[in-house]
Amino acid sequence: DAGITQSPRHKVTETGTPVTLRCHQTENHRYMYWYRQDPGHGLRLIHYSYGVKDTDKGEVSDGYSVSRSKTEDFLLTLESATSSQTSVYFCAISMTGENQPQHFGDGTRLSIL
Amino acid sequence: SQQGEEDPQALSIQEGENATMNCSYKTSINNLQWYRQNSGRGLVHLILIRSNEREKHSGRLRVTLDTSKKSSSLLITASRAADTASYFCATLSGGYQKVTFGIGTKLQVIP
């Protein structure tokens, strides 16, 4: 398995609170991604990073921010969580190159009450 | 918006049978990938087929790609109970290695 660790694995919080999810990799891969997975929608890209301090928005970025201060860590922050952000969040990594697969962590199940 | 759409959304077969899943997409692609997701786990990459390839094999997996029809199929031969999972296609279009995932096919293999 690729060395990807997501923390926490489960979290329950209340609407309006800030939440930060962490993705840590030991593979030294350049690209890192945050997705959310919801029934009927598959995986949707929230933000991605193509290097330290280099990030860009994905398909569903509203309400989320990210930071990458080190190659190995990619943080996803919900500044003020809403119930619509209840989801399973996955981090993925990939090497440089067009035909490189993505490797996924085991996800964070986030419930916002 | 989803680039890939899998068909069927759910499939139930007996162990030993073949399972075929299809994926259609809308725009031109660089490559198409298939992933498997077991319940409660992250996605695992199965196979990647480039836009200039028509067929690829990996063990019991066979993937075809028809760029003229913008479609791909994943065939799992001699299925096993351990193949029970959701299967996703994902397409890469353009730069920065951003792939777009479909909704998935849920496969159940009955022992």
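In what follows, chains carry the letters A, B, and so on, assigned in the order in which the sequence lines appear, proteins first and then strands, with residues in each chain numbered from 1.
Contacts of A/Gln37 with chain B are made by side-chain atoms alone, with heavy-atom separations under 4.5 Å and no backbone atom involved. Heavy atoms of B/Leu48 lying under 4.5 Å from chain A belong exclusively to its side chain.
Atoms NE2 and CZ, from B/His45 and A/Phe104 in turn, are 10.0 Å apart once rounded to the nearest 0.5 Å. How far CG of A/Leu45 is from OG1 of B/Thr100: 8.0 Å, rounded to the nearest 0.5 Å.
With hydrophobic clusters built from ILVMFWY side chains whose heavy atoms lie under 4.5 angstrom apart, B/Val44 does not share a cluster with A/Phe90. Both A/Val60 and A/Leu76 are assigned to one and the same hydrophobic cluster, defined by single-linkage of ILVMFWY side chains at heavy-atom distances under 4.5 Å. Clustering ILVMFWY residues whenever any of their side-chain heavy atoms sit less than 4.5 angstrom apart, transitively, puts B/Ile13 in the very cluster that holds B/Ile76. Note on B/Met21: it clusters hydrophobically with B/Ile47, by side-chain heavy-atom contacts below 4.5 Å among ILVMFWY residues. Residues B/Val109 and B/Leu11 fall within the same hydrophobic cluster, defined by Ile, Leu, Val, Met, Phe, Trp and Tyr side chains chained together at heavy-atom separations under 4.5 Å.
A 6.0 Å sphere centred on CD of A/Glu14 holds no more than 12 heavy atoms belonging to other residues, nucleotides or ligands. Other residues, nucleotides and ligands contribute only 12 or fewer heavy atoms inside 6.0 Å of the CD atom of B/Gln9. Other residues, nucleotides and ligands contribute more than 12 heavy atoms inside 6.0 Å of the NZ atom of B/Lys56. Atom CZ of A/Arg9 is surrounded by more than 12 heavy atoms from other residues, nucleotides or ligands within 6.0 Å.
Side-chain contact check for B/Arg50 versus A/Asn99: some heavy-atom pair is nearer than 4.5 Å.
Contacts from residues 31-38 of chain B to chain A, taken as heavy-atom pairs separated by less than 4.5 Å, involve B/Asn31, B/Gln33, B/Tyr35, B/Gln37 in sequence order.
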For this session: Kindly indicate, with the supporting measurements, whether the criterion side chain to side chain contact (heavy atoms under 4.5 Å, CB included) is fulfilled by B/Val99 and A/Gln102.
Result: CA-CA 9 Å; B/Val99 301; A/Gln102 295 189 9; 3.4 Å; yes
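Within the 3.5 Å criterion, the main-chain N or O of B/Gly42 finds a donor-acceptor partner in the side chain of A/Asp106.
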